[in-house]
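Here's the structure we're looking at; comments come further down.
Each chain gets a letter, A, B and so on, in the order the sequences are listed, and its residues count up from 1. Excluded from the calculations below are hydrogen atoms, water molecules and symmetry mates; all remaining heavy atoms, backbone and side chain alike, are included.
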Amino acid sequence: MPRHWLIKTDPDTYDIEDLERDGTTEWWGVRNYLARNYMRDEMEPGDEVLFYHSSTPVTGVYGLARVAGAAHPDSKQFQEGHPYEDRDSDPEDPTWWCVDLQHVQTFPGPVTRDAMKAEPGLADMKVLQRGVRHSILPVTSDQFRIVCRMGRPAG
DNA sequence: GCCAACGTTGGC
DNA sequence: GCCAACGTTGGC
């Protein structure tokens with residue numbers, strides 16, 4: 001059964017418009033072990049993703065994406081001089097893994113953090129909890145469905 | 001820009 | 001292996 005996820009991004013770095021333009025992108029640059037483990041060990045092709053903008057005046061879910069393939073080593077960790085190069089990572093046993101994300105839909109308008117906080121069905125959503133700052137978080141299918149409904153065009 | 005909360009690092 | 005110090009995240 002496909003699982004559901006929420007992935008945060010700083011829209012100044014990469015936003016839903018970039019994903020829509022690119023179609024599919026390698027989600028490189030995650031340097032946190034829990035997030036790495038989610039991508040490497042638990043995400044499967046076809047898993048559905050809420051694409052969340054953080055560190056912006058209007059934080060929230062701006063659209064949907066899909067896990068496009070199996071996890072693979074993060075290409076930047078071995079790229080000399082790259083800001084995300086990790087010289088301690090062994091090419092035979094890479095430290096950092098990631099998945100590719102495929103654009104599914106850009107919402108007509110964001111499902112804002114405020115709107116999500118006001119929705120009783122999302123009361124337990126991890127991204128809304130104080131102090132939770134992982135860039136990748138599991139989402140229940142109920143939570144996913146509710147956010148999709150909130151983001152769907154009116155009518 | 002502030003600062004709480006967290007993950008990571010490194011001294012011991 | 002503990003834990004204080006540090007750097008970063010990210011909401012506000």
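- Note: CG (L128(A)) to C1' (dC12(C)) measures 15 Å, nearest angstrom.
- If you check dT8(B), dG11(C), dG10(C) against the side chain of K8(A), the one that comes closest is dG10(C).
- Here the rule is ring pair (Phe, Tyr, Trp, His ring centres under 6.0 Å) with Y84(A), and of W27(A), W28(A), F78(A) only W28(A) fits it.
- Per the geometry, CG belonging to D12(A) stands 14 Å off C1' belonging to dT9(C), to the nearest Å.
- The distance between atom CG of L137(A) and atom P of dG7(B), rounded to the nearest whole Å, is 11 Å.
- For R113(A), the listed nucleotide lying nearest its side chain is dG11(C); candidates were dG11(C), dT8(B), dA5(B).
- As rounded to whole Å, 15 Å separates atom P of dG7(B) from atom CD1 of I136(A).
- Aromatic pair Y52(A)/W5(A): ring centres not closer than 6.0 Å.
- Contacts of D10(A) with the nucleic acid, taken as non-hydrogen atoms under 4.0 Å apart, are absent.
- Phosphate contact (OP1/OP2 of dG11(C), side-chain N/O of Y52(A), threshold under 4.0 Å): present.
- Distance check: H72(A) NE2 to W97(A) CH2 gives 9.5 Å after rounding to the nearest 0.5 Å.
- The side chain of T59(A) lies closest to dG11(C), out of dG11(C), dG7(B), dC12(C).
- Regarding H53(A), its NE2 atom lies at a distance of 17 Å from the P atom of dT9(C), rounded to whole Å.
- In this structure, H134(A) atom NE2 and dG7(B) atom C1' are separated by 7 Å, rounded to whole Å.
- As rounded to whole Å, 15 Å separates atom C1' of dG11(C) from atom CD of Q129(A).
- Taking atom CZ of residue R133(A) and atom C1' of nucleotide dC3(B), one finds them 12 Å apart after rounding to whole Å.
- Using a 4.0 Å cut-off between charged side-chain N and carboxylate O, E44(A) and R3(A) make no salt bridge.
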